[in-house]
Visitor: 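Sharing a structure, written as structure tokens. Questions coming.
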Amino acid sequence: MEQLKVLISEEEINQRLDELAREIERDYKDKEILALCILKGSVFFAVELTKRISNPVSYEFMEISSYGDSTESSGVVRITKDVKSSIENKHIIIIEDIIDTGRTLEYLIEHLKAKKLASIKLCTLLNKPERRLVDIDVDYVGFDIPDKFVVGYGLDYAEKYRNLPYIAQMEM
Ligand code: IMP
Ligand code: MG
């Protein structure tokens, strides 16, 4: 059985979400935003964050697989679910749960470059700077965290623990 230790409490997350929402509102004035949520992990974050934003927000979902049921990236990235409607000419904010090596987002951004977007920014709840293997410009970061495997608030270990209302560090 895995051991869990609270790393970021629900209160800390809520406070940070308020700050991020104000930042995004400032940057986008009253422009319409398309939240491009990366399944499944970012859904909890995307919902809680965008509820705090007064701009009109629409949603699209993509699924990108890079991990098996292990805690290490396979390095192989592919799109397993693409967007349903056209995202051209939209102001896109990619919403991710965590940026680790950066490979998933490098692949996604490369894929989106082929489309004519009004703008694209990247927002992640968690960031593990020590683990980065590729250069990625991140516009909005909830929390920088150390090189530890974490679960909760959408993040899973073998599909478990997504529903924890806080971020926990996992010891195996
Ligand atoms: P990257 O391509 O290495 O940046 O990996 C990003 C993906 O790996 C995230 O969307 C997560 O699904 C997964 N991941 C990376 N670190 C963790 C972690 O600490 N806990 C849970 N999932 C993680
Ligand atoms: Mg994931």
Visitor: According to a hydrophobic-cluster definition based on side-chain heavy atoms being under 4.5 Å apart (Ile, Leu, Val, Met, Phe, Trp, Tyr only), do Ile79 and Ile38 belong together?
Guide: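 Result: yes, single cluster for both.
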Visitor: Between CD of Glu159 and CG of Asp156, what distance do you get to the nearest 0.5 Å?
Guide: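 Separation between the atoms: 4.5 Å.
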Visitor: If every non-hydrogen atom of Phe45 is compared with every non-hydrogen atom of Leu125, which pair is closest and at what distance?
Guide: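 Smallest heavy-atom distance, with atoms named: CE2-N, 3.3 Å.
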Visitor: Between Ile109 and Ile94, does a side-chain contact (heavy atoms from CB on, under 4.5 Å) hold up when you go through it step by step?
Guide: CA-CA 9 Å; Ile109 289 163; Ile94 300 174; 4.1 Å; yes
Visitor: So, for Ser85 and Glu60, which heavy atoms are closest and what is the spacing to 0.1 Å?
Guide: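 For Ser85 and Glu60, the tightest heavy-atom pair comes out as OG-OE2, 2.6 Å.
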Visitor: Pair Ile64, Thr80 - check side-chain contact (heavy atoms from CB on, under 4.5 Å), show working.
Guide: CA-CA 6 Å; Ile64 302 166; Thr80 48; 5.9 Å; no
Visitor: Which of these passes side-chain contact (heavy atoms from CB on, under 4.5 Å) with Cys123: Leu49, Asp139, Val138?
Guide: Leu49
Visitor: Flag the pair Glu19 and Arg22 as a salt bridge only when some basic side-chain nitrogen lies within less than 4.0 angstrom of an acidic carboxylate oxygen.
Guide: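 Between Arg22 and Glu19 there is no salt bridge, as every charged N stays at least 4.0 Å from the carboxylate O atoms.
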Visitor: Roughly how far, to the nearest 0.5 Å, is CG of Leu105 from CG of Leu122?
Guide: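 One gets 5.0 Å once the value is rounded to the nearest 0.5 Å.
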Visitor: Please check: side-chain N/O of Arg132 versus main-chain N/O of Asp100, any donor-acceptor pairing under 3.5 Å?
Guide: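 Yes; at least one donor-acceptor contact below 3.5 Å.
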Visitor: Answer yes or no: does atom CD of Glu63 have more than 12 heavy-atom neighbours from other residues, nucleotides or ligands under 6.0 Å?
Guide: yes
Visitor: Apply salt bridge (charged side-chain N to carboxylate O under 4.0 Å, His left out) to residues Glu12 and Arg16 and explain how you reach the verdict.
Guide: CA-CA 6 Å; Glu12 288 174 284; Arg16 187 70 189 119; over 6 Å; no
Visitor: Hey, does the side chain of Lys81 reach the backbone of Phe61 with a donor-acceptor pair shorter than 3.5 angstrom?
Guide: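 Yes.
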Visitor: Run the salt bridge (charged side-chain N to carboxylate O under 4.0 Å, His left out) check on Arg26 and Glu23 step by step: do they pass?
Guide: CA-CA 5 Å; Arg26 252 198 329 271; Glu23 229 182 288; 5.1 Å; no
Visitor: Over all heavy atoms of both residues, which pair between Val150 and Leu155 is shortest? Give the atoms and the distance, please.
Guide: O-CB, 3.9 Å
Visitor: Between Glu2 and Lys160, is there a side-chain N and carboxylate O pair less than 4.0 Å apart?
Guide: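 Salt bridge flag = yes for Lys160 with Glu2.
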Visitor: Is it the case that more than 12 heavy atoms not belonging to Gln3 sit under 6.0 Å from its CD atom?
Guide: no
Visitor: Does a side chain donor of either Glu10 or Tyr153 reach within less than 3.5 Å of an acceptor in the other side chain?
Guide: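 No, Tyr153 and Glu10 have no side-chain donor paired with an acceptor closer than 3.5 Å.
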Visitor: Looking at every heavy atom in both Leu112 and Leu36, which two are closest together, and how far apart are they?
Guide: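 Reported closest heavy-atom pair: CD1-CD2, 3.9 Å.
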Visitor: Would you check if the side chain of Asn55 reaches a backbone N or O of Lys29 as a donor-acceptor pair within less than 3.5 Å?
Guide: yes
Visitor: Return yes if some donor-acceptor pair links the side-chain N/O of Lys128 with the main-chain N/O of Lys148 below 3.5 Å, else return no.
Guide: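 Pair found, side chain donor or acceptor close to backbone of Lys148.
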Visitor: Is there a path of hydrophobic side-chain contacts, each under 4.5 Å between heavy atoms, that joins Ile136 and Leu133?
Guide: no
Visitor: Tell me the closest heavy-atom pair linking Ile167 and Gly152, and the distance in Å.
Guide: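 What the structure gives for the nearest pair is CD1-O, 3.7 Å.
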Visitor: Measure up the His91 and Tyr28 rings against each other and bin them: parallel (under 30°), tilted (30 to 60°), perpendicular (over 60°).
Guide: perpendicular
Visitor: Going through the distances and angles, do Ile99 and Leu126 end up as a side-chain contact (heavy atoms from CB on, under 4.5 Å)?
Guide: CA-CA 6 Å; Ile99 306 179; Leu126 303 175; over 6 Å; no
Visitor: Around atom CG of Asp147, are there more than 12 heavy atoms of other residues, nucleotides or ligands at under 6.0 Å?
Guide: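 Counting other residues, nucleotides and ligands, CG of Asp147 exceeds 12 neighbours.
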Visitor: Shortest non-hydrogen contact from Leu20 to Val141?
Guide: CD2-O, 3.9 Å
Visitor: Say you draw a straight line from OH of Tyr166 to OG of Ser9; how long is it, rounded to the nearest 0.5 Å?
Guide: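 If we round to the nearest 0.5 Å, Tyr166:OH and Ser9:OG are 11.0 Å apart.
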